[in-house]
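A, B, ... follow the sequence lines: proteins, then strands. Residue 1 opens every chain.
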Amino acid sequence: MDYKDLANLIFPDVKEISYYEEKYPERNLPEGAIVTRFAPSPTGFVHIGGLYQALVARTVAQKTGGVFFLRVEDTDQKREVENGVTGIVNSLKDFDMAPDEGMISDTEEIGNYGPFKQSLRKEIYQAYAKYMIEQGKAYPCFCTPEDGEEIRQKQESAKIRPGYYGVWAKCRNLTVEEMVEKIQNGENYIIRFKSPGREDRKIKHKDVIKGNVDFPENDLDIVIIKADGLPTYHFAHAVDDHLMRTTHVIRSDEWLSSVPLHLQLFHELGFKAPKYAHISPIMKNDNGGKRKLSKRKDPEAAVEYYKQEGVPSDAVKEYLLNIANSTFENWRRANPDAKMEEFDFQLNKMSVSGALFDMVKLLDIGKTVISKMTAEAVYEESLEWAKEFDTELAEMLVDKEYALKVFGIERGNKKPRKDIAKWSDVKENIEYMYDDKFYGKAQEYPYQVISDKEDLEKIFKLYIEKYYDENDDKQTWFDKIKALAVEMGYAGEVKEFKANPGMYKAHVGDVSTAIRVGLTSRTNTPDMYEIMQVLGKDRIVERLEKAIG
RNA sequence: GGCCCCUUGGUCAAGCGGUUAAGACAUCGCCCUUUCACGGCGGAGACAUGGGUUCGAUUCCCGUAGGGGUCACCA
């Protein structure tokens, strides 16, 4: 009886690892190409931190002519959620970040290095586990979860380091005969890695982001195959990233402390270890303290949130890129119209500490992104958003020709308007351009300086009857408002008024504000001339007459 | 608690032994202006702390404090 017999007893039907080594050869890519991945578990929605990792991974892969793939880590059936994979795939699509390889729907995938769903790779992991057992580098462990609990408690009360290692690793030193006998007696078991590490020795690791980090060696005999036959994260990571020929493992920094284990696993498996880049999490300010953005407490932790709110996906990506490489915003200022893909992203320039999520800044980027869009694009995107999240707005947008005029107001010039940060802002910013919404709302006219009803009536009447002409150009139009102001006893120039406030009731700005409020029931709007162009004479007259009544 | 990482204005951060310590968001003021945004100009605002090393530390070393991560048959 030897390890080989033991291995055959445990995994009689799996293939030799050479089969897989040949099936998934080294990739033929240009020098320096980075192969990396996004490897979430389908436990619900995609976290903003996950999107951040994916964006970084995809960016470096793209930049180097490498590969970005999506692997689903569903080895824990207990945590699995219905439609989890679909949710991930769709979220990536929403941000225009579909992977080069891997899952593209719940059941479909692309690329030659699959399957990309771990639950479908069971026999692959088992082949490698068998190989490890043959080598005497892994062994069956018959300890029950209760045994494990007992060990842990003993260690805790004795105040020594918890875990399955050294003298605590009871099954580690069983003879092959004993193991075989237990198996033949039908005892349950799992497979553990036989760690060659020693806690009193250090290993050096150079992380692409964190830099040099020293750790004690791993000496824990961690589980590699669970009772359900599926691998644990660690083992799946080693096998998959080797077989998928990953060059860079870009993942959340909660994994940093597992690096000694992972390096050891790669080494014992005879694999070349990938480079690691551990990304700091995105944090949130919580009563003065910092904590990770939490799925349960923070709606903005889910990428769905941004879709629902209508934050443009480009704004989210630019914001994230900004956190990732702060030189991005300088680059963006120098290259306002360049595609963000052109930015020279540097993995090793990423911050080693976690950034606080700044919604205000995100929305500021949203404003800029939207301000640069054409009326047509604004129309299309807000309509798409509205169809899903705001049917009232979608109805307003049915008349495309008119909507385009509304969105065209103060758009396309050198200093475009920046009043929309997200699509959910659109409705309130255009409502007054729609008669049914304008009249439908309880009419309130927040007049400012000029609030005397008689004066207002006179201004409106005079304006409609004497001054307003829809064919006027902007200069003439405003000259006429000045003339109106003067006729009514207001200063035609603001400066005149300021110089001699006592001589006038108020100034032309106040007159135009009165007209603005009468026309839109708002004190602040985009350029009134442009608004009036869109409204047209009949509606202007009607609105001002109703404002009087 | 053990191990590991981090600490520049309110926030994101540049800087890597000698700088008037950048920039962006936010904030305040002024200008532009028919409103509000935009834009322009300007202001306020920071190297956690104590020791070293050095001619000289925000930059290097050690300690302290604070923050974060991790110690599962979860990922």
Side-chain angles (χ1 to χ4, degrees), chain A residues 39-41 43 73-76 78-79 118 141 143-145 148-149 152 156 159-164 188-192 199 205 207 210-211 213-216 220 222-228 230-234 236-237 251-260 278 280-281 283 285 289-292 319 322-323 325-330 332-333 349 351-365 367-368 371 410 413-420 429 448 478 481-482 485 493-494 507-517 520 522-529:
Chain A
S41 26
T43 54
E73 312 224 322
D74 60 342
T75 55
D76 184 8
K78 295 186 291 286
R79 297 209 311 167
Q118 291 183 328
C141 169
C143 295
T144 61
E149 180 62 20
R152 220 205 75 241
E156 210 165 85
K159 295 204 162 140
I160 51 178
R161 188 166 55 96
Y164 203 84
N188 293 325
Y189 59 91
I190 51 164
I191 309 297
R192 301 193 96 108
E199 212 243 350
H205 164 63
D207 193 87
K210 304 277 180 185
V213 189
D214 294 352
F215 285 104
L220 263 26
I222 57 113
V223 176
I224 58 175
I225 301 288
K226 300 182 285 184
D228 59 11
L230 287 167
T232 53
Y233 170 86
H234 306 106
H237 154 54
R251 66 201 341 181
S252 154
D253 77 356
E254 69 198 54
W255 292 110
L256 186 63
S257 57
S258 299
V259 164
H278 287 94
S280 309
M283 316 287 281
N285 192 312
K290 265 188 180 183
R291 54 153 235 262
K292 276 212 267 191
Y319 173 65
N322 208 306
I323 291 183
N325 268 189
S326 68
T327 47
F328 176 81
E329 64 187 356
N330 290 326
R332 175 45 89 205
R333 245 181 325 136
K349 291 255 177 78
S351 169
V352 287
S353 53
L356 244 32
F357 187 80
D358 189 346
M359 185 65 83
V360 175
K361 187 149 183 169
L362 203 212
L363 294 180
D364 180 73
I365 295 174
K367 282 184 191 171
T368 305
S371 77
E410 274 193 73
N413 45 19
K414 313 148 289 303
K415 294 200 297 186
R417 216 171 157 72
K418 288 191 176 178
D419 49 3
I420 301 173
N429 278 290
Q448 309 272 291
F478 192 56
I481 290 180
K482 282 183 183 173
E493 299 288 342
V494 180
H507 60 75
V508 61
D510 300 316
V511 174
S512 78
T513 294
I515 295 174
R516 182 192 312 278
V517 173
T520 67
R522 294 165 62 112
T523 52
N524 57 317
T525 70
D527 185 72
M528 197 158 62
Y529 178 74

Worksheet, complete the sentence: Closest of B/A37, B/A72, B/C73 to the A/E410 side chain is B/A37

Nucleotide N/O to protein N/O under 3.5 Å, stretch nucleotides 1-5 of chain B:
{"residue": "B/C4", "atom": "OP1", "partner": "A/K202", "partner atom": "NZ", "Å": "2.9"}

Worksheet item: Looking only at atom P, what distance separates B/G15 and B/U7, rounded to whole Å?
Response: 13 Å

Kindly list each side-chain donor-acceptor pair under 3.5 angstrom involving residues 353-365 of chain A, sequence neighbours excluded, with atom names and distances?
{"residue": "A/D358", "atom": "OD1", "partner": "A/V360", "partner atom": "N", "Å": "3.2"}
{"residue": "A/D358", "atom": "OD1", "partner": "A/K361", "partner atom": "N", "Å": "3.2"}
{"residue": "A/K361", "atom": "NZ", "partner": "A/E329", "partner atom": "OE1", "Å": "3.1"}

Response to the item:
Heavy-atom contacts, protein to nucleotides 43-49 of chain B, under 4.0 Å, summarised as B (base), S (sugar-phosphate only) or - (none) per nt, yield -------

Discussion item. Side chains of A/K210 and A/S280: any donor to acceptor distance under 3.5 Å?
Written reply: yes

Worksheet item: Below 4.0 angstrom from OP1 or OP2 of B/C25, is there any side-chain N or O of A/K418?
Response: no

Worksheet entry | A/N188 atom CG, over 12 foreign heavy atoms within 6.0 Å | no

Between N or O atoms, less than 3.5 Å apart, protein on one side and nucleotides 29-34 of chain B on the other: list the pairs.
{"residue": "B/U34", "atom": "O2'", "partner": "A/G509", "partner atom": "O", "Å": "3.4"}
{"residue": "B/U34", "atom": "O2'", "partner": "A/S512", "partner atom": "OG", "Å": "3.0"}
{"residue": "B/U34", "atom": "O2", "partner": "A/S512", "partner atom": "OG", "Å": "3.0"}
{"residue": "B/U34", "atom": "O2", "partner": "A/R516", "partner atom": "NH2", "Å": "2.9"}
{"residue": "B/U34", "atom": "O4", "partner": "A/D527", "partner atom": "OD1", "Å": "3.4"}

Discussion item. Taking Watson-Crick (N1-N3 plus N6-O4 or O6-N4) and G-U wobble (N1-O2, O6-N3), each under 3.5 Å, can you produce the dot-bracket string of RNA chain B? Use [ ] for crossing pairs and | for inter-strand ones.
Written reply: (((((((..(((.....[....))).(((((.......)))))....(((((..]....))))))))))))....

Kindly give the atom pairs (protein nitrogen or oxygen, nucleotide nitrogen or oxygen) under 3.5 Å for nucleotides 12-14 of chain B.
{"residue": "B/C12", "atom": "OP1", "partner": "A/L356", "partner atom": "N", "Å": "3.2"}
{"residue": "B/A13", "atom": "O3'", "partner": "A/S326", "partner atom": "OG", "Å": "3.2"}
{"residue": "B/A13", "atom": "O2'", "partner": "A/S326", "partner atom": "OG", "Å": "2.8"}

Discussion item. Nearest to the side chain of A/N524, heavy atoms from C-beta on, is which of B/C36, B/A26, B/G68?
Written reply: B/C36

